[in-house]
Amino acid sequence: MRWAAVVLAGGKATRMGGVDKVALVVGGRSLLDRVVGAVVHADEVVVVGPRRATVHPVRWTREAESGAGPVAGLAAGLDLVTAEVVVLLAADLPALTKATVDRLRATPPAVLVDRGGRDQWLLGAWPTAGLRAAMPAKLADAALRKVLTGLAPVRLPDLDGSARDVDHPGDLADHVPSTGAPFPE
């Protein structure tokens, strides 16, 4: 089955002091390149957000209203998708692995559950037709959780730390393994 990755790389990063969060480097690669590297085997890779340098080729798009939230970003990404399944991802997941992506896309709809038991709505796989049907009329500031919960996803546990994201400045230090070795690919 053909699948697409939609990577949300917008947002203001207010908790990070407004820095271009996805351009931050972990293990020699930007956060965006780390996420795109985990989905490079997708049939389609769409990044929603301002254009940035990337190692791998991607298709770029922007939401109609900048800063309108993840549902608006997802809708913009869906406009470019032709595949049957979408893996929806945040661009700030430095520990994301291909294995986790493959587990999710094997059983759509599916959402990854972090080690604290929280559903990570920006780390899941969804039937494209279901996502399109679930889009609300008003995209701006719509709750992603509400949109995706209605698709009744399977909840898959995070087995390798892929759900660890970067929200605060201190989170970057948490993503550097104590061994100094790079994250798994």
Side-chain angles (χ1 to χ4, degrees), residues 1-11 22 31-52 54 56-93 95-114 117-160 162-163 165:
M1 184 175 299
R2 288 179 32 85
W3 68 284
V6 173
V7 180
L8 300 186
V22 301
L31 293 179
L32 178 59
D33 277 334
R34 296 191 71 77
V35 170
V36 172
V39 296
V40 73
H41 60 301
D43 296 296
E44 304 167 349
V45 180
V46 176
V47 178
V48 182
R51 286 184 184 262
R52 298 168 177 96
T54 58
H56 303 287
V58 301
R59 292 182 69 195
W60 291 95
T61 191
R62 296 291 302 263
E63 62 270 46
E65 180 184 338
S66 182
V71 174
L74 172 58
L78 282 174
D79 285 346
L80 299 181
V81 169
T82 63
E84 295 88 1
V85 171
V86 169
V87 174
L88 176 62
L89 304 160
D92 66 344
L93 300 165
L96 180 66
T97 64
K98 178 184 179 293
T100 291
V101 170
D102 290 345
R103 280 181 57 229
L104 288 164
R105 71 183 184 90
T107 57
V111 64
L112 201 69
V113 178
D114 71 17
R118 293 175 301 273
D119 295 330
Q120 296 302 306
W121 298 110
L122 290 175
L123 190 46
W126 312 93
T128 305
L131 283 175
R132 287 189 171 119
M135 288 291 110
K138 182 180 181 286
L139 299 172
D141 302 319
L144 185 63
R145 175 190 48 79
K146 282 182 143 180
V147 170
L148 298 178
T149 299
L151 298 175
V154 172
R155 298 175 76 237
L156 298 177
D158 182 2
L159 301 178
D160 60 12
S162 283
D165 61 359

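The first residue in the sequence is number 1, and the count goes up from there.
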Exercise. Does the side chain of Thr97 pick up a donor-acceptor pair with the side chain of Asp160 at under 3.5 Å?
Worked result: yes
Problem set entry | Val86 backbone acceptor or donor facing Arg105 side chain under 3.5 Å | no
Problem set entry | For the student: nearest non-hydrogen atoms of Ala83 and Thr128, plus distance | O-OG1, 2.8 Å
Exercise. Given side chains that start at C-beta, do those of Val35 and Asp92 come closer than 4.5 Å, heavy atoms only?
Worked result: no
Exercise. So do the side chains of Arg34 and Leu96 get within less than 4.5 Å of each other, counting heavy atoms only?
Worked result: no
Problem set entry | Nearest-0.5 Å distance, CG of residue Leu148 to NZ of residue Lys146 | 13.0 Å
Seminar exercise, completed: Ala91 and Val7 have their tightest heavy-atom pair at CB-CG1, 3.7 Å
Problem set entry | Side chain proximity check, Leu74 to Leu144, heavy atoms < 4.5 angstrom | yes
Exercise. Salt bridge between Arg155 and Asp119, side-chain N to carboxylate O under 4.0 Å?
Worked result: yes
Exercise. Got Val111 and Leu123 here, is their nearest side-chain heavy-atom distance under 4.5 Å?
Worked result: no
Exercise. Mind checking whether Leu32 and Thr54 have side chains closer than 4.5 Å, heavy atoms only?
Worked result: yes
Seminar exercise, completed: The reported gap from CH2 in Trp126 to CG in Leu131 (rounded to nearest 0.5 angstrom) is 7.5 Å
Problem set entry | N/O donor-acceptor pair under 3.5 Å between Glu63 side chain and Ala75 backbone | no
For this session: First locate atom CG of Leu112, then atom CZ of Arg118, and finally report the distance between them rounded to the nearest 0.5 Å.
Result: 12.0 Å
Seminar exercise, completed: Shortest non-hydrogen pair, Leu139 vs Met135, comes out as CD2-SD, 4.1 Å
Problem set entry | Spacing of Glu44 atom CD and Thr82 atom OG1 [to the nearest 0.5 Å] | 3.5 Å
Exercise. Do any N or O atoms from the side chain of Lys98 and from the backbone of Thr100 form a donor-acceptor pair under 3.5 angstrom?
Worked result: no
Exercise. Does Arg2 CZ have over 12 foreign heavy atoms under 6.0 Å away?
Worked result: yes
Exercise. Side chain of Asp158, backbone of Ala163: donor and acceptor closer than 3.5 Å?
Worked result: yes
Seminar exercise, completed: For Trp121 and Pro153 the tightest heavy-atom approach is CZ3-CG, 3.9 Å
For this session: Indicate the atoms forming the closest heavy-atom contact of Arg59 with Leu80, along with that distance.
Result: NH1-O, 3.2 Å
Seminar exercise, completed: In terms of heavy-atom contacts, Leu122 and Pro70 come closest through CD2-CB, 4.4 Å
For this session: Report the residue from Leu104, Val39, Leu8, Val36 that forms a side-chain contact (heavy atoms from CB on, under 4.5 Å) with Leu89.
Result: Val39
Problem set entry | Non-hydrogen side-chain atoms of Pro136 and Val147 separated by less than 4.5 Å | yes
Exercise. Distance-only, no hydrogens or angles: does the Arg62 side chain make a donor-acceptor pair with backbone N or O of Val48 under 3.5 Å?
Worked result: no
For this session: Could you tell me whether the side chain of Leu159 reaches within less than 4.5 Å of the side chain of Arg103, counting heavy atoms only?
Result: yes
For this session: Please confirm whether the backbone N or O of Arg145 pairs with a side-chain atom of Thr149, one donor and one acceptor, at under 3.5 Å?
Result: yes
